Amino acid sequence: MMISVSTHAKGLSPDKPCKRLVLYYHDILFNGTDLANATSAKITNDSALGSHFGMMVVFDDPVTADGRLSSPPVARAQGFYFYDRKDAYNAWFAYTLVFNSSDYNGTLNIMGADPLPEKTRDLSVVGGTGDFFMARGIATFRTDEAQGGYYFRLEMDIKLYECYK
């Protein structure tokens, strides 16, 4: 018995996403004194091997439509990242953007390596629900601001190339 699998090119173009969002991710790491403001916490400490190697952070971070932390969140980023290189700052992210606003409802799942020394970094959008049902694409990170080791803001330029809603 022969099984045949057929595929077809959908004509995807990096210049023509079916949906594009530019959002800002705000991470406030708990430093031992800011319980009311912290949105993330280390669940493992970094090792003596350098570059925060081995440190893991779990987060429930606000995501805004502009770069202001005080703006109303349009989503929450819920997940984790860990530092996975001994010789350079490199993190690996896995999280869900949870939308519940008048503009969007549903989720987007994002994961991948975040080589921090690079000006921009691409992570994979690997799925979604609701308004983002089965979405796939790229989330380009750009560090917009960093304050010490306890606050950073990422600009996320999210381009979806498979959209079913």
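All values reported here derive from a predicted model rather than from experimental measurement.
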What I want to check is whether the side chains of N31 and T33 have a donor and an acceptor closer together than 3.5 Å. yes

For residues T143 and K119, determine if any side-chain heavy atom of one lies less than 4.5 Å from a side-chain heavy atom of the other. no

V125 versus A139, closest heavy-atom pair with distance: CG2-N, 4.0 Å

Can you find a pair of side-chain heavy atoms, one from E155 and one from L23, that are under 4.5 Å apart? no

Measure from the ring center of Y25 to the ring center of F59 and say whether it is less than 6.0 Å. yes

Please tell me whether I28 and F141 are part of a single hydrophobic cluster in this structure, the criterion being side-chain heavy atoms less than 4.5 Å apart. no

Do you know which of T107, N105, N109 makes side chain to side chain donor-acceptor pair (under 3.5 Å) with T129? T107

Residues, nucleotides or ligands: over 12 heavy atoms within 6.0 Å of R142 CZ: yes

Is there a continuous path of hydrophobic side-chain contacts, each under 4.5 Å between heavy atoms, that joins F80 to V98? no

Are D61 and R76 ion-paired here, with the side-chain N under 4.0 Å from a carboxylate O? no

Nearest 0.5 angstrom please: I138 CD1 to D122 CG, how far? 5.5 Å

Quick one: are L29 and K42 in side-chain contact, heavy atoms under 4.5 Å? yes

Step through it carefully: locate the ring centre of Y150, locate the ring centre of F30, and say whether they are under 6.0 Å apart. no

With H26 as reference, evaluate P62, S70, S71 under the side chain to side chain contact (heavy atoms under 4.5 Å, CB included) test and give the passing residue. P62

Tell me if the aromatic rings of F93 and Y81 count as close, with their centers under 6.0 Å from one another. yes

Would you find a donor on one side and an acceptor on the other, under 3.5 Å apart, between the side chain of T64 and the backbone of D66? yes

Would you say that N90 contacts D114 through its side chain, given a criterion of any heavy-atom pair below 4.5 Å between the two side chains? no

Treat each ILVMFWY residue as a node, draw an edge where side-chain heavy atoms are under 4.5 Å apart, and state whether V63 and V57 are in one component. yes

Rounded to the nearest 0.5 Å, what separation is found between the CD1 atom of I110 and the OG atom of S124? 9.5 Å

Contact check, side chains of R20 and D157, non-hydrogen atoms, under 4.5 Å: yes

Atom CE in M111, atom OH in Y95: separation rounded to 0.5 Å? 11.5 Å

Working to the nearest 0.5 angstrom, can you tell me the gap between F152 CZ and D144 CG? 12.0 Å

Roughly how far, to the nearest 0.5 Å, is the OH atom of Y83 from the CE atom of M55? 4.5 Å

Are F99 and L123 connected into the same hydrophobic cluster when the rule is that any two of I, L, V, M, F, W, Y join if their side-chain heavy atoms are below 4.5 Å apart? yes

Does Y151 share a hydrophobic cluster with L154, counting links as ILVMFWY side-chain heavy atoms below 4.5 Å and allowing steps through other members? no

Side chain to side chain contact (heavy atoms under 4.5 Å, CB included) assessment of M156 paired with L21: CA-CA 8 Å; M156 298 183 296; L21 305 162; over 6 Å; no

What distance separates K19 NZ from K159 NZ, expressed to the nearest 0.5 Å? 15.5 Å

Report yes if the side chains of V126 and L108 come closer than 4.5 Å at any heavy-atom pair, otherwise no. no

